> 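Dropping a structure here in structure tokens format, bear with me for questions.
Owing to the predicted nature of the structure, the values given are computational and were not obtained by experimental measurement. Atoms considered below: every heavy atom in the structure, side chains included; atoms not considered: hydrogens, waters and symmetry mates.
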Amino acid sequence: CATGKDYAKRPPRFDAGLATKRDHGSAEARLIEEETYIAPERRLRPPTQEEEEERERAMRRRSLEEHERQRKLKDIYDKYTKSSVEKGSGSSRDVEGPDTMRLG
């Protein structure tokens with residue numbers, strides 16, 4: 001008969017390893033700083049006339065595409081709402097009766 005534990009100790013969780021404080025070397029600290037460094041925005045040159053015209057054309061094209069998309073969606077909406085209104089007005093009662101099943 002054995003005394004004490006006969007099984008292996010439970011391995012530590014990964015989260016517990018993250019919570020412990022570790023000493024960083026200067027090389028590691030520099031790498032972390034390089035990965036997380038965000039450069040300040042440099043002053044951009046003003047856009048040229050050609051770039052400005054291209055941006056305007058792209059905005060107009062996007063606007064036209066969006067209007068076309070909205071028109072198509074409206075047509076679809078009108079198609080289905082119109083057909084459901086016509087079907088509803090043709091019937092004499094709004095609610096159907098209960099379904100019955102005869103056995104035998």
Side-chain angles (χ1 to χ4, degrees):
C1 185
T3 59
K5 296 191 283 184
D6 288 337
Y7 50 90
K9 183 180 177 188
R10 184 177 186 185
R13 293 184 351 187
F14 180 74
D15 297 345
L18 292 176
T20 58
K21 177 77 172 146
R22 295 189 184 93
D23 293 329
H24 295 294
S26 62
E28 185 178 359
R30 189 172 60 245
L31 284 173
I32 292 171
E33 183 180 334
E34 287 174 2
E35 289 178 357
T36 58
Y37 178 71
I38 299 174
E41 294 185 25
R42 286 181 266 154
R43 292 191 176 180
L44 299 175
R45 59 174 172 74
T48 62
Q49 182 69 24
E50 183 179 308
E51 291 171 343
E52 190 68 30
E53 290 172 358
E54 180 63 30
R55 189 175 64 83
E56 288 292 327
R57 280 193 298 266
M59 287 178 60
R60 266 188 259 120
R61 186 175 58 242
R62 277 192 301 249
S63 176
L64 290 173
E65 289 171 355
E66 181 62 24
H67 287 302
E68 181 68 20
R69 184 180 150 280
Q70 289 293 331
R71 189 187 61 76
K72 287 180 181 179
L73 288 174
K74 184 182 179 306
D75 291 345
I76 292 170
Y77 179 78
D78 291 342
K79 173 184 171 184
Y80 287 104
T81 55
K82 184 174 77 170
S83 64
S84 66
V85 169
E86 289 174 359
K87 288 180 183 177
S89 64
S91 65
S92 62
R93 50 190 167 144
D94 291 340
V95 180
E96 293 182 8
D99 292 334
T100 56
M101 181 186 296
R102 296 181 185 236
L103 300 175

> Pick from Glu66, Lys74, Glu68: which one makes a side-chain contact (heavy atoms from CB on, under 4.5 Å) with Gln70?
Glu66
> Can you tell me if CD on Glu33 sees more than 12 non-hydrogen neighbours from other groups inside 6.0 Å?
no
> In terms of side-chain geometry, is the basic nitrogen of Asp75 or Lys79 positioned less than 4.0 Å from the acidic oxygen of its partner?
no
> Near Glu56 CD, under 6.0 Å, is it more than 12 heavy atoms from other residues, nucleotides or ligands?
yes
> Ion pair present between Glu65 and Arg62, side-chain N to carboxylate O less than 4.0 angstrom?
no
> Begin with the C-alpha distance, continue with both residues' side-chain angles, and end with the deciding distance and a verdict on side chain to side chain contact (heavy atoms under 4.5 Å, CB included) for Leu64 and Arg61.
CA-CA 5 Å; Leu64 290 173; Arg61 186 175 58 242; 5.8 Å; no
> Using 0.5 Å steps for rounding, measure from the CZ atom of Arg71 to the CD1 atom of Ile76.
10.0 Å
> Are Arg57 and Glu54 ion-paired here, with the side-chain N under 4.0 Å from a carboxylate O?
yes
